[in-house]
Number of protein chains: 2
Amino acid sequence: MAARVKKDESPRTPLTPERVVSAAIELADEKGVAKLTMRGLAASLGVEAMSLYYHFANKGKILDAMVDAVFAEVELPAKDDEWKPAMRARAGSLRSVLLDHTWAIALMDSRPDPGLGTITHHDAIIGCLRSAGFSMSLTAHAFSVIDSYVYGFVSQESGLPFQSSEELADVAGGIIESLPVEQFPHFSEMVAAYYLHPEYSFAEEFLVGLDLILDGLERLRAAEVSDGES
Amino acid sequence: MAARVKKDESPRTPLTPERVVSAAIELADEKGVAKLTMRGLAASLGVEAMSLYYHFANKGKILDAMVDAVFAEVELPAKDDEWKPAMRARAGSLRSVLLDHTWAIALMDSRPDPGLGTITHHDAIIGCLRSAGFSMSLTAHAFSVIDSYVYGFVSQESGLPFQSSEELADVAGGIIESLPVEQFPHFSEMVAAYYLHPEYSFAEEFLVGLDLILDGLERLRAAEVSDGES
DNA sequence: ACCTGAACACCGTTCAAGT
DNA sequence: ACCTGAACACCGTTCAAGT
């Protein structure tokens, strides 16, 4: 009640864009983006909702900043790493960052304004590929196919209502039971014989596809070098 | 004002789940999912918002049904089509359906309950690959890598704030201008030299990556056949 | 069986006002 | 400069009530 908050023990640390964004990311990680409200976010910072509007024009700007911050978490290749292990490691890092912040994938679709974190990221990747002798157009192809694959894979992986393979078995079992098996013979067979197998692993499935793509790019690069393109 | 709607000219056709779902899809196509509200959807059907709750438990169920209906639009391979052209055509069909209903990708992430349309779809694809001699595990790999790629590609493509390559040039030009070029040399070079090129085309970029993947699968299949796996 | 009105507990955002 | 209270125009959903 009383106005007794003197001494410089800073009654509360002042709001900054950075504090807002990291609180927002934390909140989204815990409860999902759907539950990320201006009022809830403000409360988690010990402040009123309207204070946020002093630092951000609207909720959309906060979402943009969250996406950019997530991107900045991804490990970047050094410019003269070998391209293949570098791309492989970076794809794995991107996957794990996106799995940590599953809401980010859906957000990226709806807010394409690239921030500085995103551009820094892109620049490093293009640089690594160009140094490895990729032509401009092959660099663009490589970037497109790798990123499409990673986003698509993680978005399917994270959309599924389970994490461990035991949970997978439970869910898949449930689906199978309630399904007219004779109407979907191949699907049923597949679920029963493959996804229910205890050693099924998203991490391995991810690497199979990724290596298929990287090997394909390696072949294109070799062909390009022998053709002498730029 | 008066109660004058007799004769069986049916003052309004009765609500059915199908009518609700197709009105919802139309509305989402026109204005985006964000603008798809229970009140707005009801209004577009000449009905009050609460009427929808007689046919669907909640908004989530409507979203589930929308996703399933979109999936049912995708062209399916016949069981004994050659696998490669069949997968190529189906990937193209999936891309174009998803481009027609860009909201569907984001929705699929958040609502993984597969409906009958989705399962029918999966069943046909698995059947086609199995008939072509793919082992169970290679079928799973193929499915995973192709779909991940298509979803990821389209989600990036549709997230961009332009459609034609002239618009691309405009936007990319704007980004470049406002960017500290010396800080992002590779990114700037790429945008200037490649994406700004007038003949850049998403459709072609899509096919380059897709064919890279299909060729890789072909190689794995050949290796499998000569090994005699099942 | 099918549809509705009123009401509840929420949203994001504005605007004028406080310190 | 930084934060806030009250208010506005929205949401999804419940529940009792109408035909």
Side-chain angles (χ1 to χ4, degrees), chain A residues 1-21 23-25 27-28 30-67 103 106-107 110-111 113, chain B residues 1-21 23-25 27-28 30-67 103 106-107 110-111 113:
Chain A
M1 265 43 169
R4 297 205 58 266
V5 205
K6 323 189 183 180
K7 308 222 160 187
D8 52 13
E9 43 179 318
S10 60
R12 65 184 168 217
T13 39
L15 230 44
T16 63
E18 290 73 29
R19 283 190 67 227
V20 171
V21 170
I25 290 178
L27 232 158
E30 277 171 24
K31 326 205 170 182
V33 237
K35 298 259 182 183
L36 177 66
T37 69
M38 296 299 269
R39 287 170 169 88
L41 175 55
S44 86
L45 288 157
V47 113
E48 295 304 313
M50 314 322 148
S51 313
L52 300 172
Y53 288 88
Y54 185 78
H55 302 273
F56 291 91
N58 51 44
K59 191 180 177 180
K61 299 293 186 192
I62 298 181
L63 298 178
D64 284 338
M66 290 168 70
V67 170
W103 44 267
L107 273 195
S110 50
R111 0 209 84 262
D113 259 8
Chain B
M1 271 37 174
R4 296 205 61 266
V5 206
K6 325 190 181 180
K7 309 223 159 188
D8 52 15
E9 42 178 318
S10 61
R12 66 183 168 219
T13 40
L15 231 46
T16 63
E18 290 75 28
R19 283 189 66 227
V20 171
V21 171
I25 290 177
L27 232 159
E30 278 169 25
K31 326 206 171 179
V33 238
K35 297 257 181 185
L36 177 67
T37 69
M38 296 300 268
R39 286 169 170 87
L41 175 56
S44 85
L45 288 159
V47 113
E48 295 304 316
M50 315 320 149
S51 312
L52 299 172
Y53 287 88
Y54 184 77
H55 302 275
F56 291 90
N58 50 46
K59 190 180 179 181
K61 299 293 185 189
I62 298 182
L63 298 177
D64 284 338
M66 291 169 69
V67 170
W103 44 267
L107 273 195
S110 51
R111 2 209 81 261
D113 256 9

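Every chain is numbered from 1, with letters handed out A, B, ... down the list of sequences.
Comparing A:Leu52 and A:Arg39 against DNA chain D, the residue whose closest nucleotide sits nearer the 5' end is A:Leu52.
Nearest nucleotide to the side chain of A:Ser51, out of C:dC11, D:dG12, D:dC3: D:dC3. Listed nucleotides: C:dG12, C:dA7, D:dT4. Nearest to the side chain of A:Tyr53: C:dG12. Taking the side chain of A:Tyr54 as heavy atoms from C-beta on, and the options D:dG12, C:dT4, D:dC2, the nearest nucleotide is D:dC2. Closest to the A:Lys59 side chain, of the nucleotides C:dG12, C:dA6, D:dT4, is C:dG12.
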Is there a side chain to side chain contact (heavy atoms under 4.5 Å, CB included) between B:Val47 and B:Leu41? Walk through the geometry before answering.
CA-CA 9 Å; B:Val47 113; B:Leu41 175 56; over 6 Å; no
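Looking at heavy-atom distances under 4.0 Å, A:Met38 makes contact with sugar-phosphate atoms alone, never a base. At the heavy-atom level, A:Leu36 lies under 4.0 Å from the strands shown only through sugar-phosphate atoms.
Heavy atoms of other residues, nucleotides or ligands lying less than 6.0 angstrom from NZ of B:Lys61 number 12 at most.
Taking a pair to require two hydrogen-bonding distances under 3.5 Å in either a Watson-Crick or a G-U wobble arrangement, D:dC15 pairs with C:dG5.
Distance A:Leu15 CG to D:dA1 C1': 13 Å, rounded to the nearest Å. Rounded to an integer number of Å, the gap from A:Met50 CE to C:dT19 C1' is 18 Å. Rounded to a whole Å, the CG atom of B:Leu41 is 15 Å from the C1' atom of C:dC3. Computed from coordinates, the A:Glu48 CD to C:dT14 P distance equals 18 Å when rounded to whole Å. Computed from coordinates, the B:Lys35 NZ to D:dA9 C1' distance equals 12 Å when rounded to whole Å.
Regarding contacts with the backbone of D:dA1, every side-chain N or O of A:His55 stays at 4.0 angstrom or more from both OP1 and OP2.
Summarising the geometry, atom NZ belonging to A:Lys59 is positioned 11.0 Å from atom CG belonging to A:Leu52; distances are rounded to the nearest 0.5 Å.
Between the side chain of B:Arg19 and the main chain of B:Thr13, a donor-acceptor pair closer than 3.5 Å is present.
The two residues B:Leu27 and B:Ser44 come nearest to each other via the heavy atoms CD1-OG, 3.8 Å.
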